[in-house]
Each structure stands twice: as C-alpha cells, then as structure tokens.
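Report on one structure; see the data block that follows.
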Amino acid sequence: VIYNQLSVSAYILPTNDDFINENKMPWLQAEYHCLSTYNSHLVSIHDSLTFASIRNQIIAIGQDSNHFWIGLYHESENVENIDAIEYKWSDGSSFDFGTDLSGKFPWFDERPESPEIDKYVRLWGGSASLLWDDTSGAKSYFWICNEPSNTTHSPIFPTPPTSTPPTSPS
C-alpha cells in the first residue's frame, strides 16, 4: 500500500517515506518536527474515540509493530513523591484522558516508573497493542502530530534541548 501524509480525525501520521526511511527521532526533536513542519504539536488524546481512531489507523497501514511518540510527558523537577507527578500535553491542553495511572487503559502498566527521571509517553507497538508507556525521551520513535487546526492551546514546552534540533529538509 502506498500512501502519503495521512490525516484522520485531527492528527497526522508519518508519511510512507518516513516509514521506509526509518525516520525516527527523540521526543523533543519530534515535537519540534511537528512545530516546524505542521505548525502543530505532538498529538494530544482527550477521549477513547480519538485513541481508538489513531490505533486503528496505525493497524490499518500495517505499522502497529512500531512505537509512536505522543505529546504527553512529565518532568522530574521537584518530584519528592510519586503522587506529585504531573503529566502534561505539549500543546498545553488538559490531561483529561488516561489520568488513572494504576495500569488501567490506555496505559500498558502502572505509571510512573522512576519518577525522578523525565519521562515521555509513546504508543508502545508490538505485543503492547499501542497502549501508553512512559520512557526516556532520548529514544527514537515515529511520531503523531496534531493537525494545525487542532492546536488551540498555548504550548507548554519541556526543558529546551541543549542544542538546536535539526531542521527538516525543505
């Protein structure tokens, strides 16, 4: 199946070329990719319908063995106990879906692990069925961006990178 940029239900998946070329990137670079390419952010998911739509589209294009960055993250700054962890969406919208961190849907298992470390959330492909999992932002995965029309909130950015992220080729 050949496809270009897929845009369904207010989100943008990587292109066919991105999958073929294994164009994966760390979380912060993926966020900047969404900003610079689509004038948007990594996707924020606020309901089970959107979550199911994203998962179903990834399965439909045969990419469900891959992992995908979404815009959810937490920073370890000033965390003295696990109850103080605050997840945020990179677009600044409310964290209002998936708030039960006890391992219930849409999370793969109990969160957060190692709260003293900054964590970024991926859709975990393969046997994890694209459920949410927090991990190091330094790992490279594919990404899912919000459509620009779906970006209505002021952005909340994690600590900026120490170096300027690479720009997308024109």
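From a predicted model like this one, the values you see are computed outputs, not experimental measurements.
Counting heavy atoms from C-beta outward, V43 and C34 have side chains that stay 4.5 Å or more apart. Between I144 and I58 there is a side-chain heavy-atom pair separated by less than 4.5 Å. Taking 4.5 Å as the limit, every side-chain heavy atom of H41 sits out of range of all side-chain heavy atoms of S93. Annotation: side chain of F51 is not in contact with side chain of L130 (no heavy-atom distance under 4.5 Å). For the pair L72/K88, no side-chain contact is recorded, criterion being any heavy-atom separation below 4.5 Å from C-beta on.
Taken to the nearest 0.5 Å, the CH2 atom of W107 stands 8.0 Å off from the CG atom of D133. In this structure, CE on M25 lies 8.0 Å from OG on S140, to the nearest 0.5 angstrom. For the atom pair CD1 (I59) and OG (S65), the distance works out to 11.0 Å, reported to the nearest 0.5 Å. Note that CD of Q57 is 11.5 Å distant from CG of D64, once rounded to the nearest 0.5 Å. Rounded to the nearest 0.5 Å, atoms CG (L123) and CZ (F68) are 7.5 Å apart. In this structure, CD1 in I12 is found 11.0 Å from CG in L42, a value given to the nearest 0.5 Å.
Side-chain atoms of S94 and H46 form no donor-acceptor pair, as typed in the model, at a separation below 3.5 Å. Side-chain contact annotation: S40 with N146, donor-acceptor N/O pair under 3.5 Å absent. Looking at Y87 and D134, their side chains do bring a donor and an acceptor atom within 3.5 Å of each other. Defined by atom type and a distance below 3.5 Å, a donor-acceptor pair is missing between the side-chain atoms of H74 and E86.
Without hydrogens or angle criteria, S36 side chain to Y32 main chain gives a donor-acceptor distance under 3.5 Å. S129 places no side-chain N or O within donor-acceptor distance of the main-chain N or O of L131, the cut-off being under 3.5 Å.
Remark: D18 pairs with P14, T15, N23, W143 by the side-chain contact (heavy atoms from CB on, under 4.5 Å) rule, at least two apart or across chains. In terms of the ring-ring contact (aromatic ring centres under 6.0 Å, His included) criterion, residue partners of Y141 (sequence neighbours excluded) are, by chain and number, H67, W69. Remark: D47 pairs with no residue by the salt bridge (Lys or Arg N to Asp or Glu O under 4.0 Å) rule, at least two apart or across chains.
By the 30° and 60° cut-offs, the orientation of the rings of F95 relative to W89 is perpendicular. Relative ring orientation between F97 and F105 is described as perpendicular, the plane-to-plane angle rising above 60° on a 0-90° scale split at 30° and 60°.
The two atoms that bring Y38 and C145 nearest to each other are CD1-SG, 3.7 Å, heavy atoms only. Residues I70 and W27 share a closest heavy-atom pair of O-NE1, 2.8 Å.
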Could you go step by step and tell me if Y11 and T50 meet the side chain to side chain donor-acceptor pair (under 3.5 Å) rule? CA-CA 9 Å; Y11 57 87; T50 301; over 6 Å; no
